[in-house]
2 protein chains.
Amino acid sequence: MARDTRRRILDTALAMFNAQGEPHVTTNHIADELEISPGNLYYHFRNKDDIIEHLFARYEERMDAALELPSARLPGLEDIWLQLHLVFECIWDYRFLYRDLIEILSRSRRLRLRFARILRRADDSTQAVFQGLAQAGAMRATAQELGGIATNVLVVATFWLNYAAARGEKDEQLAIRHGIVQVMLLISPFLREAERTQLATLMQAYLD
Amino acid sequence: MARDTRRRILDTALAMFNAQGEPHVTTNHIADELEISPGNLYYHFRNKDDIIEHLFARYEERMDAALELPSARLPGLEDIWLQLHLVFECIWDYRFLYRDLIEILSRSRRLRLRFARILRRADDSTQAVFQGLAQAGAMRATAQELGGIATNVLVVATFWLNYAAARGEKDEQLAIRHGIVQVMLLISPFLREAERTQLATLMQAYLD
DNA sequence: GTCTATAAATGGATAGAC
DNA sequence: GTCTATCCATTTATAGAC
């Protein structure tokens with residue numbers, strides 16, 4: 001049951017952080033929810049930041065997998081669509097991290113470095129997909145434009161849930177789909193006519 | 001000196017919130033920095049959230065002014081450029097609000113409503129400028145596209161500073177200019193050829 | 001591994017003197 | 001208006017029994 005308690009602490013902490021926001025959840029709250037003692041919790045983790053660090057490791061692994069490039073062949077629109085899904089679902093599952101991103105990163109140099117690495121990796125991955133599309137003739141843009149678009153893709157993807165929350169959006173599953181469409185909209189103007197109309201159809205169907 | 005102390009509390013709180021992040025600044029810290037007693041601070045403001053609410057009112061007034069549409073005539077690229085500057089400088093001056101946006105809004109229904117109103121107003125303003133450009137023949141996009149672009153403009157503008165911070169960007173003045181360019185990049189593909197090249201030149205010069 | 005009990009520190013806020 | 005003194009609640013974290 002030892003491993004189990006440790007795992008249950010992480011699972012419960014994640015659920016509570018996501019539901020209430022990390023700043024509102026104390027170690028005592030987590031222990032209460034699990035019906036274990038605070039002392040027990042501190043037997044398994046040094047402190048709250050230690051719990052966050054382990055949750056971050058889970059997140060990191062998940063996001064690294066989502067950013068894996070699909071295959072050796074040139075990527076198509078559907079590959080982007082799928083990859084965006086994986087990324088947004090990962091962000092959703094660890095949304096507490098994004099809600100208070102700067103605050104959480106400010107407390108740990110290690111997390112700062114690791115999150116910056118993920119952003120760089122996401123940037124590389126995005127640009128690689130764009131170059132694949134360009135190589136296949138489906139996309140047309142200068143190298144400089146590609147870099148700029150990739151950056152905007154990262155910004156919108158990273159902060160879309162926060163934007164939806166600030167806007168007062170209630171239906172969170174709809175918000176995710178809306179976010180995916182907004183990212184696609186960034187790419188759309190650089191697509192060849194055929195792919196653009198294909199994308200427009202996909203997006204239309206997706207939001208209903 | 002009464003009015004003065006009140007004003008100095010707000011000024012100092014703003015500076016400290018921006019420098020250290022709102023969660024790290026307590027009412028006692030503010031009083032210390034001002035070399036007044038905690039009791040004195042509480043004579044002027046009911047609590048910390050009261051201070052934040054008054055800072056928000058300042059911010060709101062400033063942002064409302066920045067979002068004012070330039071004039072009756074059709075807007076040109078330079079008008080957008082200027083307006084973006086005003087908006088980014090306002091965000092910069094009240095960056096504590098954006099750093100912990102969801103957390104701060106979660107504590108006050110009134111701030112939630114007022115921030116949502118500003119987002120709606122920014123959306124309207126952005127779309128109005130786009131329609132002006134379209135009417136002048138400088139921009140070409142469907143009504144649906146205009147809406148989508150406007151949303152992405154808001155997301156990038158709202159969270160650009162957070163993105164730069166997460167990315168580890170140190171030079172903050174450069175970060176602001178970079179943010180303005182990234183927003184312009186969103187609009188660029190929908191501009192007429194003449195305006196696009198004009199914009200490309202402007203952006204190039206701007207980042208040096 | 002888990003509990004109880006509690007220490008130590010902090011932050012928010014107020015009472016009452018001046 | 002401003003200060004001193006202090007209270008109360010919360011949070012983190014640990015000691016020591018079982």
Side-chain angles (χ1 to χ4, degrees), chain A residues 1-56 96-97 99-100 102-111, chain B residues 1-56 96-97 99-100 102-111:
Chain A
M1 285 307 188
R3 285 265 88 133
D4 193 54
T5 298
R6 193 183 158 80
R7 187 187 50 71
R8 289 205 308 138
I9 291 171
L10 288 176
D11 291 345
T12 301
L14 176 59
M16 294 179 80
F17 288 161
N18 281 340
Q20 305 166 42
E22 180 270 336
H24 297 296
V25 179
T26 72
T27 49
N28 282 5
H29 291 153
I30 299 169
D32 270 6
E33 176 74 18
L34 276 165
E35 294 181 314
I36 66 173
S37 65
N40 193 358
L41 184 146
Y42 276 92
Y43 170 81
H44 289 283
F45 294 95
R46 274 194 306 285
N47 51 40
K48 190 178 168 186
D49 280 345
D50 191 27
I51 295 176
I52 292 175
E53 184 134 345
H54 280 85
L55 287 176
F56 189 93
F96 81 95
L97 197 52
R99 191 197 114 126
D100 298 284
I102 308 303
E103 171 58 23
I104 290 171
L105 295 184
S106 81
R107 301 201 297 256
S108 160
R109 174 179 162 74
R110 292 187 48 187
L111 290 196
Chain B
M1 284 307 189
R3 285 268 88 136
D4 193 54
T5 298
R6 192 184 158 80
R7 188 186 50 71
R8 289 204 307 139
I9 290 172
L10 288 177
D11 291 344
T12 301
L14 176 59
M16 294 179 78
F17 288 162
N18 281 340
Q20 305 166 42
E22 180 270 334
H24 297 295
V25 178
T26 72
T27 49
N28 282 4
H29 291 153
I30 300 170
D32 270 6
E33 177 74 18
L34 277 165
E35 294 180 315
I36 66 173
S37 66
N40 192 358
L41 186 146
Y42 275 92
Y43 170 80
H44 290 284
F45 295 95
R46 273 192 309 284
N47 51 38
K48 190 179 167 184
D49 280 345
D50 192 27
I51 295 176
I52 292 174
E53 183 136 344
H54 280 86
L55 287 177
F56 189 94
F96 81 94
L97 198 51
R99 190 197 117 126
D100 298 283
I102 308 303
E103 171 58 25
I104 291 171
L105 294 184
S106 80
R107 301 201 297 256
S108 161
R109 175 179 162 75
R110 292 187 48 189
L111 291 197

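Proteins come first, then strands; the chains are lettered A, B, ... in the order of their sequence lines, and each starts at number 1. This one's a predicted model, so the numbers in the text were calculated from it and none came from an experiment.
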Candidate nucleotides [options], ranked by approach to the side chain of [X] - the nearest:
X       : options                : result
A:Pro38 : C:dG12, D:dA13, D:dT12 : D:dA13
B:Asn28 : D:dT12, C:dG12, C:dC3  : C:dG12
B:Lys48 : C:dT4, C:dG12, C:dT2   : C:dG12
B:Thr5  : C:dG12, D:dT2, C:dT4   : D:dT2

May I have the distance from [X] (atom [atom1]) to [N] (atom [atom2]), rounded to whole angstrom?
X        : N      : atom1 : atom2 : answer
B:Arg46  : C:dG12 : CZ    : P     : 16 Å
B:Tyr42  : D:dT6  : OH    : P     : 19 Å
B:Asn40  : D:dT6  : CG    : C1'   : 17 Å
A:His29  : D:dT12 : NE2   : P     : 9 Å
B:Ile36  : D:dT4  : CD1   : P     : 11 Å
A:Arg107 : D:dT11 : CZ    : P     : 14 Å
A:Ile30  : D:dA13 : CD1   : P     : 12 Å
B:Ile9   : D:dT2  : CD1   : P     : 8 Å

State whether a side-chain donor-acceptor pair under 3.5 Å links B:Glu103 with A:His24. yes

Minimal heavy-atom distance between B:Ile52 and B:Ile104, with the atoms involved, is CG2-CG2, 4.2 Å

Parallel, tilted or perpendicular: rings of A:Phe17 and A:Phe96 (30°, 60°): tilted

Assess whether atom CZ of A:Arg107 is packed by more than 12 heavy atoms of other residues, nucleotides or ligands within 6.0 Å. yes

One thing to verify: whether B:Arg8 and B:Asp11 come together as a salt bridge, which I'm taking to mean a side-chain N less than 4.0 angstrom from a carboxylate O. no

At 4.0 Å (heavy atoms only), tell me whether A:Thr26 reaches a base, stays on the sugar-phosphate, or touches nothing. sugar-phosphate

At 4.0 Å (heavy atoms only), tell me whether B:Asn47 reaches a base, stays on the sugar-phosphate, or touches nothing. sugar-phosphate

